[in-house]
Amino acid sequence: MAWREVIKQAVREVVLHPERAPLDAIAKCLSTDDLGADKENVEALVMEELRRLHEGVLARYGLRPSEFAEWRSRQR
């Protein structure tokens, strides 16, 4: 996938900054790249990755279990 690194960075930013609104964090990350017509698709993929995020894939995003736990606790 062409936008894999952008998606990883956006997921990481959302989790590392749980005090920010997720959609704002995603929009900020995606604004730094010229996604063109793919922007909506990439945004949807980021949201899907966040929905499916679990302890088994944290290393893919460079996240620690404690960071994930903090993010999850603020989502409820």
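For clarity, every value in this text was computed on a predicted model and none was experimentally measured.
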Test your reading of the model: is there a side-chain donor-acceptor pair from H54 to the backbone of G56, 3.5 Å cut-off?
yes
Output for pair (L45 CG, L50 CG), nearest 0.5 Å, gives 11.0 Å
Correct closest heavy-atom pair for W71 and L53 would be CZ3-CD2, 4.0 Å
Who are the side-chain hydrogen bond (donor to acceptor under 3.5 Å, both in side chains) partners of E43, not counting sequence neighbours?
none
So with a 6.0 Å cut-off around CD of E40, is the heavy-atom count from everything else above 12?
no
So, using side-chain hydrogen bond (donor to acceptor under 3.5 Å, both in side chains) as the criterion, who are the partners of E67 when residues are at least two apart?
none
Hits for side-chain hydrogen bond (donor to acceptor under 3.5 Å, both in side chains) against E70, two or more places apart or cross-chain, chain-then-number order -> R74
Not counting sequence neighbours, which residues clear side chain to side chain contact (heavy atoms under 4.5 Å, CB included) with D38? List them please.
W3, N41, V42
Please determine whether side chain to side chain contact (heavy atoms under 4.5 Å, CB included) holds for the pair L16 and L63, giving the CA-CA distance in whole Å, both sets of side-chain angles, and the decisive distance to 0.1 Å.
CA-CA 8 Å; L16 291 179; L63 296 168; 3.9 Å; yes
Check salt bridge (charged side-chain N to carboxylate O under 4.0 Å, His left out) between E13 and all other residues, then give those that pass, not counting sequence neighbours.
none
If you take all heavy atoms of V14 and P22, which pair is closest and at what distance?
CG2-O, 3.9 Å
Minimal non-hydrogen separation, A10 against C29, with atom names
CA-SG, 3.7 Å
side-chain hydrogen bond (donor to acceptor under 3.5 Å, both in side chains) partners for D24, two or more places apart
none
CD1 on I7 to CD on E48, rounded to 0.5 Å:
11.0 Å
Strictly by salt bridge (charged side-chain N to carboxylate O under 4.0 Å, His left out), give each pair with a member in residues 52-62 just once, sequence neighbours left out.
E49-R52
Those residues that, when tested against K28, pass side chain to side chain contact (heavy atoms under 4.5 Å, CB included) (two or more places apart):
R20
